[in-house]
Amino acid sequence: MNLLKKTIRDYDLNNKKVIIRCDFNVPIKDGIIQDDTRIRASLKTIEFALDNNASVILLSHLGKIKEENDKEKNSLYPVSVRLSELLNRKVIFSKETRGIDLEKLAYDLKPGQILLIENTRYEDIPNKLESNCDLNLSKYWASIGNVFINDAYGTIHRKHASNAGISKYLPSGIGFLIEEEVNKIDGILSEKTNPFIVIMGGSKVSDKIKVIENLITKCDKLLIGGGMAYTFLMALGYNIGSSLKEEDYLDYCKELLTKYKEKIILPVDSLVSNSIDSKEYVIKDINNIQDDDIALDIGPKTIKLFTSNLKDTKRVIINGPMGMFEKSIYENGTKEIYNYLANNNIKTLVGGGDSVAAVNKLSNPSKFYHISTGGGATLKYLEGNPLPGLENISDK
Ligand code: ADP
Ligand code: MG
């Protein structure tokens, strides 16, 4: 369904004022951008509009604005400077998110010029107009342009004035970033090649329930590692010691394990320690875990079990690391599983903020079909529900 949305290529941009909603939510410390990946990722869409003789008006949020004090440290001004360097063009910056000065800057903007408007979440004080998708604010922003392009994939799961709102009031489409994410995710989900295996890990069952519920109906096997595996093992009656657990979800895990008995595969051994800060661990079979053991990575038998299930598989979606990979002594399970996927040319989609960090740190990202940049947005996508940021985009 998402593939039927208009894209930036479907519009004649010549002499038009094109509003592009970007994701410039970059880490900034003391006014200095720590990582400009997201700014770089927006260039293709912005350059396309400039090459097609549009005037470009950019909107983005940055951080959260809950009180007046949050404004200065979350100003998009440093982004305007970096963007200007990357595009090798002047970027005009509007300190206002609304008002006569902004209107004049937008009105005077010529084809080939770029205007970046201050953090849309400045409008969250006092009445959360941006985050609650206030329609008057949406209409106001829409009024300064002719076409709206949403390219902020990271906020596609949010219904804000600067994405879902504006697209109600202007001819609208998606930019290259969103198009790629949507095509890749829809693509791997709708393909009919099997076996299709889903690998879930990370910390909590509660974060991933809806993703599990959606994907388990579609996949042939679900391999569960990471911290969330231990709530499932506990539901089967194992002593999981002091490992991560969510007792409120035991019944849910039990139900799932009964209903999908043949599909779900759980760890059979783990690296355990008495403290997460200890420099040492012991490998234990799951039925041998003691009260003060904390399971922090999957063990060698589990790696074998998981990779043997991955043999001959055609498609994989993986979300969540297999262990506490931030600590190098617990990175091996995650590394082995990702490397197996990479080295065997298995068509793999990686989603989730920590999973992306893990694949970049431990494996070879170029060997993967798609590494989704969305974090929370991708998880929402994998839950299978309509995405608010796309709902009002014009259909093809
Ligand atoms: P993603 O961001 O990819 O969706 P999550 O946020 O769900 O992944 O989970 C990532 C976190 O899970 C990491 O910080 C990692 O340390 C933690 N984790 C993985 N395995 C375990 C474990 N066995 N015990 C505790 N934490 C774990
Ligand atoms: Mg995470």
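Order of appearance sets the numbers: ligands from 1, and atoms from 1 within every ligand.
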Is it true that [X] and [Y] make a salt bridge, defined as a side-chain N closer than 4.0 Å to a carboxylate O?
{"X": "Lys210", "Y": "Glu213", "value": "no"}
{"X": "Glu47", "Y": "Lys44", "value": "no"}
{"X": "Asp70", "Y": "Lys66", "value": "no"}
{"X": "Lys204", "Y": "Glu246", "value": "no"}

Begin with the C-alpha distance, continue with both residues' side-chain angles, and end with the deciding distance and a verdict on salt bridge (charged side-chain N to carboxylate O under 4.0 Å, His left out) for Arg9 and Glu179. CA-CA 11 Å; Arg9 281 177 275 109; Glu179 190 185 11; 2.4 Å; yes
Could you go through Glu180 and Lys184, starting from their C-alpha distance and side-chain angles, then the distance that decides it, and tell me whether this counts as salt bridge (charged side-chain N to carboxylate O under 4.0 Å, His left out)? CA-CA 6 Å; Glu180 189 192 2; Lys184 288 281 173 89; 3.6 Å; yes
Sequence neighbours left out, what passes ring pair (Phe, Tyr, Trp, His ring centres under 6.0 Å) with Phe176? Give chain and number order.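 Counting only residues at least two positions away or on another chain, Phe176 forms a ring pair (Phe, Tyr, Trp, His ring centres under 6.0 Å) with Phe48.
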Taking the six-membered ring for Trp, are Phe93 and Tyr77 parallel (under 30°), tilted (30 to 60°) or perpendicular (over 60°)?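 Aromatic pair Phe93/Tyr77 classed perpendicular.
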Listing by chain and number, what protein N/O/S atoms are under 2.8 Å from the Mg ion (ligand 2)?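 N, O, S partners closer than 2.8 Å: Asp354 OD2.
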Do any nitrogen or oxygen atoms of ligand 1 lie under 3.5 Å from a protein nitrogen or oxygen, and which ones?
from, atom 1, to, atom 2, distance (Å)
ligand 1, 2 (O), Gly353, N, 3.4
ligand 1, 2 (O), Asp354, N, 2.8
ligand 1, 2 (O), Asp354, OD2, 2.8
ligand 1, 3 (O), Asp354, N, 3.4
ligand 1, 3 (O), Ser355, N, 2.8
ligand 1, 3 (O), Ser355, OG, 2.4
ligand 1, 4 (O), Lys208, NZ, 3.1
ligand 1, 4 (O), Asn319, ND2, 3.1
ligand 1, 6 (O), Asp354, OD2, 3.0
ligand 1, 7 (O), Ser203, N, 3.3
ligand 1, 7 (O), Lys208, NZ, 2.7
ligand 1, 9 (O), Ser203, N, 3.1
ligand 1, 12 (O), Ser203, N, 3.2
ligand 1, 14 (O), Glu326, OE2, 2.4
ligand 1, 16 (O), Glu326, OE1, 2.6
ligand 1, 16 (O), Glu326, OE2, 3.3
ligand 1, 20 (N), Gly227, N, 3.1
ligand 1, 23 (N), Ala295, O, 3.0

Contacts table for residues 257-264: side-chain donor-acceptor under 3.5 angstrom, sequence neighbours left out:
from, atom 1, to, atom 2, distance (Å)
Thr258, OG1, Lys254, O, 2.7
Lys263, NZ, Ile216, O, 2.6
Lys263, NZ, Cys219, O, 2.8

